[in-house]
Protein chains: 2
Amino acid sequence: MTTPETPELHSVSADGGRRIPPASLTRLTIYLRALNSLLADGIERVSSEVLADAAGVNSAILRKDLSYLGSYGTRGVGYDVQYLNRQISTALGLTLDWRVAIIGVGNLGRALAGYSGFASRGFEIVALFDADKIVVGSEVGWLRVSAIDDLEAVLERTRANMAVLAVPAPVAQQLCDRLVASGITSILSFAPVVLQVPPHVQLRKVDMSTELQILAYHAQRAQDAVIESITDARSAQ
Amino acid sequence: MTTPETPELHSVSADGGRRIPPASLTRLTIYLRALNSLLADGIERVSSEVLADAAGVNSAILRKDLSYLGSYGTRGVGYDVQYLNRQISTALGLTLDWRVAIIGVGNLGRALAGYSGFASRGFEIVALFDADKIVVGSEVGWLRVSAIDDLEAVLERTRANMAVLAVPAPVAQQLCDRLVASGITSILSFAPVVLQVPPHVQLRKVDMSTELQILAYHAQRAQDAVIESITDARSAQ
DNA sequence: AGATGTGAAACGTTTCACAGCC
DNA sequence: GGCTGTGAAACGTTTCACATCT
């Protein structure tokens with residue numbers, strides 16, 4: 001039993017509208033990648049143990065994560081790779097078509113535009129923007145770069161429903177505001193600033209300098225531990 | 001009082017060797033950015049409320065985060081911007097010098113090499129590597145790109161102590177293994193694969209397609225909620 | 001027999017609310 | 001009076017361990 005009480009409370013949606021915990025969501029995208037990899041290798045069935053190893057997590061949490069979606073395994077057997085793949089994709093909303101605009105076509109924007117991981121999972125890049133007049137009009141991948149002045153018009157024409165912000169920090173908030181005003185409600189930002197958005201807008205951030213700083217912290221601790229053990233050894237003499 | 005019991009247990013390190021919780025660590029890097037911004041504006045004192053707003057968090061958790069480092073504020077007054085900045089930097093290990101090698105000089109690697117956020121916070125890029133013979137030997141920023149065959153030698157000569165992996169998924173694990181064998185213990189990976197490293201190595205990952213998929217999930221839910229409310233309204237007629 | 005699905009325990013994080021100090 | 005620092009409560013996440021089903 002997946003639904004403990006009141007099986008069909010008020011909604012029709014067959015997949016069940018249960019909310020997936022944030023921590024679980026992150027891992028589900030990893031399982032998806034692992035499943036694709038297994039699929040490519042022609043493997044049809046997988047146990048929670050094996051899939052968890054491939055995803056770098058422990059098997060108990062994998063089973064719990066999957067249980068938020070439903071009961072898609074077979075006891076004593078495992079999971080059907082293809083079926084589970086489809087179930088996770090559906091739960092994450094990857095079966096809908098997502099039309100992504102990339103704002104900023106510097107090296108980072110170009111890297112994103114050329115990133116095959118997008119196209120492969122139902123994300124179609126439909127517009128590129130830049131403020132630099134030299135870049136505007138040039139082709140990157142299959143797309144022509146639009147002027148940032150035409151943001152609103154091009155977003156509407158291309159029916160973009162997601163945006164990736166890959167612009168310098170000082171202009172990020174202002175462009176973010178324009179995206180929101182244009183009706184974009186899902187934004188992924190690479191700009192190293194805290195952006196303010198209204199509550200109905202989903203904003204996620206990728207921050208390389210935060211990641212490096214966290215590494216520095218752990219590396220420092222490792223160093224300190226070595227120094228301390230030398231000091232301890234000396235004072236113990 | 002910061003240390004509840006046994007004030008000086010066994011170590012000398014003046015800053016106190018307390019472990020900072022992971023969730024807190026992430027936010028500390030954001031506070032640091034906000035503090036730099038205040039510093040640039042010539043602001044000398046700040047309250048937890050104002051700093052928390054600038055960082056996009058609530059003030060209670062900011063105070064708790066800071067309390068893991070020590071007691072650096074003044075009741076009734078707030079925090080000294082410059083002083084707090086230095087305390088956080090020290091706690092995170094940003095006062096040591098970090099020498100970063102970037103593996104892979106595609107668009108992403110170039111974006112990272114040119115990212116000013118690194119240099120500004122004590123991270124010096126000391127080596128660039130690529131497998132493509134056409135790129136090897138060319139200059140990117142102030143550095144000449146080394147051949148991936150020379151990885152071990154150049155890492156040693158440049159005394160790199162951190163690495164950023166910006167290479168295609170299929171070669172990521174093999175290069176990761178070579179980094180670890182060369183004594184690198186801090187790695188930031190942009191490759192969309194699960195990498196296996198020994199426990200003494202700190203590995204962090206930045207994953208753009210995971211982020212987009214999480215956005216897709218929330219956007220789908222928002223859509224579903226609209227559809228459901230229409231359905232509910234109809235059936236209520 | 002063997003692997004899933006899941007309550008219950010353990011652990012971590014955030015929020016609340018206020019004592020304590022300036 | 002005002003803001004920090006922090007116990008205690010509320011909430012979220014992970015792990016354990018085993019009942020449950022094929």
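All of these numbers come straight from a predicted model, not from anything done at the bench.
Look at B:Thr74 and you won't find any side-chain N or O under 4.0 angstrom from OP1 or OP2 of C:dC22. Under 4.0 angstrom from either OP1 or OP2 of D:dG5 there lies at least one side-chain N or O belonging to B:Tyr79. Checking the phosphate oxygens (OP1, OP2) of C:dT14, a side-chain nitrogen or oxygen of B:Arg27 falls inside 4.0 Å.
Side-chain atoms of B:Lys64 lie closest to C:dT14 of the nucleotides C:dT14, D:dT14, C:dA17. With C:dT4, D:dT13, C:dG7 as the choices, the nucleotide that has an atom nearest any side-chain atom of A:Pro21 turns out to be D:dT13. Taking every side-chain heavy atom of B:Arg75 into account, D:dC3 is the closest of D:dC3, C:dA3, D:dT14. Among C:dT15, D:dT14, D:dT6, the nucleotide with an atom closest to any side-chain atom of B:Asn58 is C:dT15. Comparing D:dC3, C:dT15, D:dT15 by their closest approach to the side chain of B:Ala60 singles out C:dT15. Side-chain proximity of B:Ala23 to D:dT15, C:dT13, C:dT4: nearest is C:dT13.
As rounded to whole Å, 11 Å separates atom P of C:dG12 from atom OH of B:Tyr68. In this structure, A:Leu62 atom CG and D:dT15 atom P are separated by 12 Å, rounded to whole Å. Look at CZ on B:Arg18: it is 18 Å from P on C:dG12, rounded to the nearest Å. In this structure, the CG atom of A:Leu66 is 13 Å from the C1' atom of C:dT6, given to the nearest Å. Atom-to-atom, CG of A:Asp80 to C1' of C:dA3 comes out at 15 Å; the value is rounded to the nearest Å. A:Ile61 places its CD1 atom 11 Å from the C1' atom of D:dG12, with the value rounded to the nearest Å. Taking atom CG of residue B:Leu69 and atom P of nucleotide D:dT4, one finds them 15 Å apart after rounding to whole Å. Atom CG of B:Leu25 and atom P of C:dT13 are 10 Å apart (whole Å).
Here B:Asp80 contributes atom CG and B:Asn85 contributes atom CG; the two are 10.0 Å apart, rounded to the nearest 0.5 Å. Between A:Leu203 atom CG and B:Leu215 atom CG the span is 8.0 Å, to the nearest 0.5 Å.
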Check: Going through the distances and angles, do B:Asp207 and A:Arg33 end up as a salt bridge (Lys or Arg N to Asp or Glu O under 4.0 Å)?
Finding: CA-CA 12 Å; B:Asp207 193 324; A:Arg33 200 140 66 195; 2.4 Å; yes

Next item on the list: I would like to know whether B:Tyr31 and B:Leu62 meet side-chain contact (heavy atoms from CB on, under 4.5 Å); could you show each step before the answer?
Entry: CA-CA 9 Å; B:Tyr31 305 154; B:Leu62 179 139; 3.7 Å; yes

Next item on the list: Take B:Tyr79 and B:Tyr72 through the ring pair (Phe, Tyr, Trp, His ring centres under 6.0 Å) test and state the conclusion after the steps.
Entry: CA-CA 7 Å; B:Tyr79 302 90; B:Tyr72 297 139; 8.8 Å; no

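Ranked by how close their nearest DNA chain D nucleotide is to the 5' end, A:Gly76 and A:Arg63 are led by A:Arg63.
Residue A:Arg45 places its CZ atom among 12 or fewer non-hydrogen atoms of other residues, nucleotides or ligands, all under 6.0 Å distant.
A heavy-atom distance below 4.0 Å to DNA chain D is reached by these residues of residues 29-56 of chain B, ordered by number: B:Ser47, B:Ser48.
Between the side chains of B:Ser89 and B:Arg121, at least one donor N or O sits under 3.5 Å from an acceptor N or O. Defined by atom type and a distance below 3.5 Å, a donor-acceptor pair is present between the side-chain atoms of B:Gln173 and B:Asp177.
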